[in-house]
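The structure presented is a predicted model; accordingly, all values stated were derived computationally and were not measured. The first residue in the sequence is number 1, and the count goes up from there.
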Amino acid sequence: MTFAAWVRHERLRRIRRDLLDPASGDVSTAAIAARRGVLDAKHLDRALKSEFAETVNDLRRRPCRTSLSDPERWES
């Protein structure tokens with residue numbers, strides 16, 4: 001994996017984790033993505049679909065988790 005591919009994967013992994021975190025339920029997707037350096041919502045949706053086979057809406061519709069205190073357990 002190239003360095004650029006690793007950075008992209010890590011950025012998407014962290015966005016995905018944030019989207020699944022119930023504490024981020026009231027934070028917009030755009031704000032979560034911007035915090036990680038992604039400014040285009042359509043690009044984010046396509047990238048998540050490509051990397052994890054899930055869209056932003058898929059992730060946001062999941063039942064709420066009670067805690068993400070151990071973020072590694074929510075990794076793909």
- If you measure from CG on Asp21 to CZ on Arg14, what distance do you get to the nearest 0.5 Å?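 Result: 14.5 Å between the selected atoms.
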- Message: Test of understanding: with salt bridge (charged side-chain N to carboxylate O under 4.0 Å, His left out), list the residues that count as partners of Arg8, not counting sequence neighbours.
- Response: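 Arg8: salt bridge (charged side-chain N to carboxylate O under 4.0 Å, His left out) contacts with Glu51.
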- Task: Could you tell me which residues satisfy side-chain contact (heavy atoms from CB on, under 4.5 Å) with Ala5, sequence neighbours excluded, listed by chain and number?
- Result: Met1, Thr2
For residues 40-48, tabulate all N or O donor-acceptor pairs below 3.5 Å that involve a side-chain atom, not counting sequence neighbours.
from	atom 1	to	atom 2	distance (Å)
Asp40	OD1	Lys42	N	3.0
Asp40	OD1	His43	N	3.3
Asp45	OD1	Val56	N	2.8

- Task: Quick one: closest heavy-atom pair of Val27 and Arg60, and the distance?
- Result: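 For Val27 and Arg60, the tightest heavy-atom pair comes out as O-NH2, 2.7 Å.
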- Closest non-hydrogen atom pair, Ala53 against Asp58: O-OD2, 4.5 Å
- Query: Which pairs count as side chain to side chain donor-acceptor pair (under 3.5 Å) when at least one residue sits in residues 23-38, sequence neighbours excluded?
  - Reply: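 Passing the test, one end in residues 23-38: Asp18-Arg36.
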